[in-house]
Amino acid sequence: MARATAAAASPAGDGGAQLLSIGQVLARLTPEFPDLSPSKLRFLEERQLITPQRTASGYRKFSPADLERLRFILQLQRDHYLPLKVIRGHLDELDAGRVPQLPTGAGTPSIFPAERRLSRDELLKEAGASAPLLADAVSASLIAPAEHHGEDALAVLRALAELQRAGIEPRHLRGLRAAVERETALIQSALAPAARRGDTASRARAAELAREISAQLDLVRGSLVRSALSRLDG
């Protein structure tokens, strides 16, 4: 699977394979990624994640390998909400001939295959959780109410089941939801200048900045928790 991922992300040339215009790339990828636009393609090129060839007239041309690399980038963004900086580091490792772990913390990404959708009973069985725990998690806004749930809900419910064994119930975690809402408001405030412009390129930059800010907030939060726990140990 890692070899398949590396091949998909490789920027290697395709010999005599037919090159694609921006319009042809959009035609192939927008059914899967409706938000993709010429502005976003240019933005990804500016960030040096993709390097399409140029004709003598300056038009961008994409090889089949470029197309697969682009699909891989968009899948990591959509399915794992990864900042482009993290994705670029992963691609750099692949380009150097190494096979690093995917930067998701969960091994193989859900793009191989597509993310599962679990019924309520399947979710409870796989998470090893009780129906009352799931109800409490929904009540505490830790899991969204739905007929079918994805991998995120499964991971959260598994964590809640472990926390329950330690005596921590979903109701004790309501403050986490409030903290997330405060962080979201903070991110929205930081994005306001870009959001006001409203054009496609600005929206792409705002979405990427949101991912980067979120990743940095995660680092700060983790450091604070570790520091607090070290004081308890002392």
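What you find for A140 and P170 is that their closest heavy atoms are CB-O, 3.7 Å. The minimum heavy-atom distance between R120 and A131, with the atom names listed, is NH2-CB, 3.1 Å. Residues P145 and V138 come closest through the heavy atom pair CB-CG1, 3.9 Å. For R71 against R28, the heavy-atom pair with the smallest separation is NH2-O, 4.3 Å.
You'll find the side chain of I22 reaches within 4.5 Å of the side chain of L26, heavy atoms only. Side-chain contact between L160 and L173 is present, with at least one heavy-atom pair separated by less than 4.5 Å. Within the 4.5 Å cutoff, the side chain of L84 has heavy atoms near those of the L44 side chain. Looking at L19 and T55, their side chains never come closer than 4.5 Å, going by heavy atoms from C-beta outward. Contact annotation: the side chain of D35 never approaches that of K40 to less than 4.5 Å [non-hydrogen atoms, C-beta and beyond]. For the pair H148/S119, a side-chain contact is recorded, criterion being any heavy-atom separation below 4.5 Å from C-beta on. Put simply, the side chain of R60 does not reach to within 4.5 Å of the side chain of L41, judged on heavy atoms.
Listed by chain and number, the hydrophobic cluster partners of V220 are L224, where partners are ILVMFWY side chains within reach of under 4.5 Å, directly or through others.
In the hydrophobic cluster analysis, where Ile, Leu, Val, Met, Phe, Trp and Tyr join through side-chain heavy atoms closer than 4.5 angstrom, L134 is grouped together with I168.
Interatomic distance, CZ of R182 versus CD1 of I187, reported as 13.0 Å (0.5 Å rounding). R117 contributes atom CZ, which lies 11.5 Å from atom CG of L154 (distance to the nearest 0.5 angstrom). The CG atom of L118 lies 10.5 Å from the CG atom of L157; values are rounded to the nearest 0.5 Å. The distance from the CD atom of Q75 to the CD atom of E68 is 8.5 Å, given to the nearest 0.5 Å. Atom-to-atom distance recorded for E151:CD and H149:NE2 is 12.5 Å, nearest 0.5 angstrom.
Checked by atom type and distance alone, the side chain of R69 pairs as donor or acceptor with a backbone atom of L49 at under 3.5 Å. S227 places no side-chain N or O within donor-acceptor distance of the main-chain N or O of S223, the cut-off being under 3.5 Å. For the pair Q24 (side chain) and S21 (backbone), a donor-acceptor distance under 3.5 Å is present. Listed for the D66 side chain is a donor-acceptor partner under 3.5 Å among the backbone atoms of S63.
Identified under the side chain to side chain donor-acceptor pair (under 3.5 Å) test for residues 158-171, with sequence neighbours left out: E162-R165, Q164-E169.
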Trace of the side chain to side chain contact (heavy atoms under 4.5 Å, CB included) decision for I87 with L91: CA-CA 6 Å; I87 295 174; L91 292 174; 4.0 Å; yes
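Salt bridge status for R42 with E45: absent, with no side-chain N to carboxylate O gap under 4.0 Å.
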